[in-house]
Amino acid sequence: MKEYMKHLQARLVQHSPDLGDCESVLGLLYEAYSDINPMPDPPEIKAEFHRLYEQMNGMPLREMDQVLDPVCSLCRHHERSGFMHGVQIGVALSMELEKYI
């Protein structure tokens, strides 16, 4: 198996896979997962967005976009980070469990 992994790593260095806009395979997995499984916002997030909209009441649409665009981008990055961390923890757990099998 170690020999196979060395060969696979060498091949990946020579022939990088096309990951589209993603920087890693893990990022590609997240994008595919989120496309297939859109996550509805929990009530807490809906309430916080409602509060944010109340605070912006009366703002011109352009100013609202200047606030909301970075907030939504931050939310997406946070969600992606959590997904990727969860997968990494799962892989670490799997590696630990292999010691006992």
Side-chain angles (χ1 to χ4, degrees):
M1 184 58 138
K2 287 183 181 182
E3 187 62 34
Y4 174 75
M5 291 304 291
K6 284 182 188 178
H7 179 73
L8 183 58
Q9 287 171 342
R11 180 159 176 77
L12 284 173
V13 168
Q14 293 172 355
H15 307 284
S16 298
D18 180 9
L19 301 176
D21 293 336
C22 298
E23 297 176 11
S24 66
V25 174
L26 194 51
L28 187 63
L29 284 174
Y30 167 74
E31 293 300 329
Y33 179 83
S34 67
D35 285 348
I36 294 169
N37 300 295
M39 292 181 245
D41 291 332
E44 299 86 7
I45 291 177
K46 287 181 181 178
E48 290 300 320
F49 266 103
H50 182 72
R51 239 171 39 106
L52 179 60
Y53 283 118
E54 285 178 348
Q55 293 291 320
M56 294 187 307
N57 189 20
M59 269 186 178
L61 188 56
R62 209 171 279 240
E63 286 181 28
M64 289 176 74
D65 286 345
Q66 289 175 343
V67 173
L68 285 175
D69 288 348
V71 167
C72 291
S73 178
L74 177 63
C75 290
R76 178 141 170 86
H77 287 299
H78 184 69
E79 181 182 280
R80 182 175 188 235
S81 175
F83 174 88
M84 295 172 86
H85 184 69
V87 171
Q88 291 167 337
I89 294 296
V91 169
L93 175 61
S94 176
M95 291 169 57
E96 285 181 28
L97 291 174
E98 281 186 18
K99 294 177 188 176
Y100 300 103
I101 296 175

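Counting from 1, the numbers follow the sequence of the chain as shown.
- Within 6.0 Å of atom CD in Glu54, more than 12 heavy atoms from other residues, nucleotides or ligands are found, so the atom counts as buried in its surroundings.
- Sequence neighbours left out, not one pair with a member in residues 45-80 passes ring-ring contact (aromatic ring centres under 6.0 Å, His included).
- Residue pairs meeting the salt bridge (charged side-chain N to carboxylate O under 4.0 Å, His left out) criterion with at least one partner in residues 57-69, sequence neighbours excluded, are absent.
- Between Met59 atom CE and Met64 atom CE the span is 8.0 Å, to the nearest 0.5 Å.
- Cluster partners of Val13 are absent, since no Ile, Leu, Val, Met, Phe, Trp or Tyr has side-chain heavy atoms less than 4.5 Å from it.
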Tell me which donor-acceptor pairs under 3.5 Å the side chains of residues 84-101 have, and how far apart each pair is, sequence neighbours excluded?
none

Less than 3.5 Å apart, which donor and acceptor atoms pair up between the side chains of residues 34-48 and the rest of the protein, not counting sequence neighbours?
unit_1: Ser34; atom_1: OG; unit_2: Tyr30; atom_2: O; d: 3.2
unit_1: Ser34; atom_1: OG; unit_2: Glu31; atom_2: O; d: 3.1
unit_1: Asn37; atom_1: ND2; unit_2: Tyr33; atom_2: O; d: 3.4
unit_1: Glu48; atom_1: OE1; unit_2: Arg51; atom_2: NE; d: 3.2
unit_1: Glu48; atom_1: OE1; unit_2: Arg51; atom_2: NH2; d: 3.3

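- Annotation: side chain to side chain contact (heavy atoms under 4.5 Å, CB included) contacts of Leu28 (sequence neighbours excluded): Leu19, Cys22.
- A distance of 9.5 Å separates CE of Met56 from CG of Leu61, quoted to the nearest 0.5 Å.
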